[in-house]
Amino acid sequence: MEMKNLTAIQIVEALKNKEFTCEALVKYYLENIEKNAQKNAVLEVFDDAIENAKKIDELIASGQELPALCGVPIIIKDNILYKGKISSCASKFLKGYKAQYTSTVVQKLLDAGVVILGRANMDEFAMGGSCENSAFGPCKNALDDRRVSGGSSGGSAVAVASDMCAFALGSDTGGSIRQPASFNGVVGIKPTYARVSRYGLVAYASSFDQIGPITKSVEDSALVLSIIAGHDEKDETSLSSSVPNYFKNLEGKIAGLKVGVLKETNDLIAKTGYAHIYDGIRTWLESQGASVQEFSVPSFDLCLPTYYTLTTAEATSNLGRFDGVKYTSRAEGVTNLDELYLNSRSEGFGNEVKRRIMLGNFVLSSGYYDAYYMKAMQVRQGLKNEFKTIFQNCDVVILPTTFGEAFEIGSKTNNPVEMYVEDMFTTLANIIGNPAISIPCGKGKTGLPLGLQIIADNEQEQTLFNFSKYFIDNFKEGK
Amino acid sequence: MKDYEIVIGLEIHAEVNTNSKVFCSCKNEFGSAPNTNCCPVCVGLPGALPVLNKKAVEYTIKAGLALGCEINDIAVFERKNYFYPDLSKAYQISQLVKPLCLGGGIELDNGKFARLNRIHLEEDAGKLTHKNQTIGTLVDYNRGGIPLMEIVTEPDISSADEAVEFLTKLRRTLIYSGVANCRMEQGGMRCDVNLSVKEKGSNVLGTRTEMKNLNSFKMVRRAIEYEAKRQIEELESGGKIVQQTRKWDDNKGKSFPMRSKENSNDYRYFPDPDLLTIEIDREDVEEIRKTIPLLAEGRKKIYVEQYGLPEYDAKILTNDKFISDYFENCLKIAHMPKQISNWIMTDVLKLLKDYPTEDLTNIISEKNLMEIISLVEKREITRPNSKALFEIVSTATISRNADKFENEDLTKDESTEEINAKKLAEQNGMLNSFSHEELVTAVENALANFPNARKDYNETPDKVLRFYIGKVMAFSKGLANPQEAEKLLKAELEK
Amino acid sequence: MEITIKEVERLADLSALKFSDDEKQKFIGDFNNILEMVNQLQKAEVSAQNVFNRSHKLSELREDIAKPSFDTELILENAPKQRRNCFNVPLVVE
């Protein structure tokens, strides 16, 4: 059986039917990683991948009941801890950092039988939207080496799109799963905030961060999320409600659905040059029995300032622990404590990280706290309230994932703000905490993929999956 | 020289008496080998998250209730950000805007009510050991994450005496409530002193200084006296007080300004996104209130009103909870409050001075003390012998527990045989050997030797009886049981 | 509002970061652009009240049960410098 472009669900089935061995499959992926080395999607292939695949083959041969993701080879983002393996967050500072414990998500996936092939490139500490902020070089787009992979989970998205693994884990603080998924033509979901445990995810902005899967299909997305979601006693903030079996309940459905669009995004969409595509989607949805209604969210344009105020505030505090005392590398030749901190941190962090640490300290520091941090918290609360009302009147809100297809490497690196504006459509879901998915919905002028972003009410991931399945199965561009 | 008033505010840190740390499940324990009570959370490893300990919250609320505080409806944890090697995450999880407890206070003996501003819960930092230039500083995170309640007073205290009295009473309340052990020598209770001086009667507060981490009441007293004098002298000589943090050097008897940076007070507090807001129901508060035991004052009242102890004795017995507990354990063996109190007040407390401990059974077990008291009561031992027996039993007990005292002259007695007061009395020939036959003889002798006295028996029977009892006791050298003697004498006299 | 060198130095101090003079100049440029974006917040009309995280009840908190800690060796595994089972830093002068 052909191993190319298999989904996790197909792999589980094929392994069970002994179409091929897990070892052969892992070797196939490892070769693919090797062949695509220039993409720089994978920072390290774990040396025990083949050995672990053999163990899976033994398990399959033993005839025992197999776990849900038995033998599925995956790649994890470099900020998700797996004991004994390096987790560098694509930072020079943590270049040799060997995880001392395993994150809850990785443990859940290991229990479900996955084989972890390696760790994926990313923007340093997940700060960026192009994967150009990696200390180990940018990750290139799966479909075009001159263009960015997106970020910060760029390596994860490219690994999936270039068939280096069945699926990958990413983390999403302001679009870091959805935007690279969109740029590389794959499916990426940011679950409801706190739906997936953050224990063992190196924190960027704690009240925004969520781990989620990047997959080749909606079915895989639903299956993987069913496995990794749920309350974790090691993460006090994780939601205690039970997790539905999104995969089992998956039912492609759009008819009768109330779809919301945001008035404030119309001008922005026009600026993308792809208004016809998103307008086409609206028309198509109505033709499929959905109703489309426009909602106004006057403070939509405050998403970016709110996002950059609050995430940098949290980040500056979260990144304090990287200080050259306990595990991050220490600058050489330091003779006193001040030098230890200053030199280690100044050598260890990249420019974008430093910028955000500085901004975070600005918005929190005495004299500015009320005008920035507190104000942003209040705007965030206001947005949450507004969307609570909106989701009383519709099932999903749709908007583009990005401004367009992947941009060229280096085209935005000189202007941080231009880069930040790329997050315009994605930060909303992190600010309000709601689940959001990005699915491929067409192609741009360059032939590269565009994404449709769907946001649902809190904990309504099932609605996202059902919508997405119907959309992918039935929507044909230009039809 | 002008007249000055001293204005003092205290910030007291007390380690909360829990099994596990405040944000992780590592042991809350003093004296372990370096970095053995550590995990990703308390060492601040990447990706680790705090999970709040229920008991730490309940105990802080309990302390608040015992001190008359209001309990907030919601409590929030915030991050206090600064870099220091003992702070593994570069922030301390603490409370600023919504602490657990507000208000409350302690009444001082002079009638002043010293108000509390608040009590909040936070995490302790690790321990730094400063070696030398070659070795540098060693960092141990065992203490990192141990729950600390911070008790902040209003600037109501005006002398070293008041400060020490306040701290003594506070410490007593915390210990009696069971929420903190306040072992000062282990850093279980530390005190920061904010002090300023102002001209008497003036409404304008002076510039204050802060002295950190004073870990004995003696240090608090000396530091306050020194700092008040320093500030007054500074002002008298036309100088100005600089707002600063000072470190008290107990050996030199002086305080020195601590190195500080321009930004050092900008802690950039914000709500910790890793921790949820706590909603505190009034029913929960009432449940906690029910768990507050009788405190020192309450016990003292019972000792005076129900046990008939003198006020002074009751005060001494209740000053320290461990003494009061010991007293009450003895009472449970036999309800003889006065006798027990007398022995504790004299013999036990005298030994406690030489052998400091928070467990009096290291000096003498309740069982042995009660055995001695019982021997005395039953006249099976003479008073002088009972004192000698106490000496023997306590000496044996102390050397058995030599390792529990910080006393180099003690060598541990490793034997395991039970120390039994009665047995020791027997072995040392201390028990009375005055048999019934001997008593009969003594009675006969007394009547025979003083035949005239009994003639008045019909007129003044009590007086006569007492006379003969005295003779019997004298004859027996105090060994006879007077009740027994009385019985026999009565029978003879009424013949 | 334009940011000054002095302000950059204050933030660098709070951040435990150091910058060369050139870096500071470049930083001022970037930072002013970012501030312009972030300053849009000032036009927001919001109710001025504290905003806190989601809440839970006292009964939902972790029970006070001590569990085994990590081995010291594992705790110190990534330490850039260690001595006597402790993390080791240059002598701290208080």
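Everything quoted here is computed from the prediction, not taken from an experiment. Numbers restart at 1 for each chain; the letters A, B, ... are given by sequence-line order, proteins then strands.
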Asker: Under a 4.5 Å cut-off applied to non-hydrogen side-chain atoms, are C:Glu63 and B:Lys54 in contact?
Answerer: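 Yes, their side chains come closer than 4.5 Å.
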Asker: Find out whether B:Val139 and C:Asn88 are in side-chain contact, i.e. whether some heavy atom of one side chain is under 4.5 Å from a heavy atom of the other.
Answerer: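 Counting from C-beta outward, B:Val139 and C:Asn88 never come under 4.5 Å.
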Asker: Contact part of B:Tyr82 toward chain C, heavy-atom cut-off under 4.5 Å: side chain, backbone, both or neither?
Answerer: neither
Asker: Would C:Asp64 and B:Asn53 count as having a side-chain donor-acceptor pair, cut-off 3.5 Å?
Answerer: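 Short answer, yes.
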Asker: Side chains of C:Leu58 and B:Ile278: does their closest heavy-atom pair fall under 4.5 Å?
Answerer: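 In contact.
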Asker: With sequence neighbours left out, what residues match C:Gln42 under side-chain contact (heavy atoms from CB on, under 4.5 Å)?
Answerer: A:Ala371, A:Tyr372, A:Lys375, C:Asn39
Asker: Using ring pair (Phe, Tyr, Trp, His ring centres under 6.0 Å) as the criterion, list what pairs up with C:Phe19, not counting sequence neighbours.
Answerer: C:Phe27
Asker: Distance check, rounded to the nearest 0.5 Å: B:Asn35 atom CG versus C:Ile75 atom CD1?
Answerer: 7.0 Å
Asker: Distance from C:Ser69 atom OG to B:Lys21 atom NZ, nearest 0.5 Å?
Answerer: 6.5 Å
Asker: Provide the closest heavy-atom pair for B:Phe83 versus C:Ala16 in the form atom of the first, atom of the second, distance.
Answerer: CE1-CB, 3.6 Å
Asker: Who pairs with B:Asp192 by side-chain contact (heavy atoms from CB on, under 4.5 Å), at least two apart in sequence or on another chain?
Answerer: B:Glu11, B:His13, B:Glu210, B:Lys212, B:Asn213
Asker: Using non-hydrogen atoms only, which part of B:Phe23 is less than 4.5 Å away from chain C: side chain, backbone, both, or neither?
Answerer: backbone
Asker: Taking heavy atoms only and a threshold strictly under 4.5 Å, list by residue number the residues of residues 125-135 of chain B that touch chain C; give 'none' if the list is empty.
Answerer: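 Hits under 4.5 Å: B:His130, B:Lys131, B:Asn132, B:Gln133, B:Thr134, B:Ile135.
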Asker: Over all heavy atoms of both residues, which pair between B:Pro271 and C:Val51 is shortest? Give the atoms and the distance, please.
Answerer: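 Answer, listing the atom of B:Pro271 first, then C:Val51: CG-O, 4.3 Å.
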Asker: Do C:Arg62 side-chain atoms and B:Cys24 backbone N/O form a donor-acceptor pair below 3.5 Å?
Answerer: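 Confirmed, C:Arg62 side chain pairs with B:Cys24 backbone.
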Asker: Are B:Asp284 and C:Lys57 ion-paired here, with the side-chain N under 4.0 Å from a carboxylate O?
Answerer: no
Asker: For B:Lys98, which atoms come within 4.5 Å of any heavy atom of chain C: side chain, backbone, both, or neither?
Answerer: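 Contact with chain C is through the side chain of B:Lys98 alone.
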Asker: Is the shortest heavy-atom distance from the side chain of C:Phe52 to the side chain of B:Val97 under 4.5 Å?
Answerer: yes
Asker: Hey, are the side chains of B:Leu138 and C:Phe87 touching, using non-hydrogen atoms and a 4.5 Å cut-off?
Answerer: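 No, too far: nothing below the 4.5 Å cut-off.
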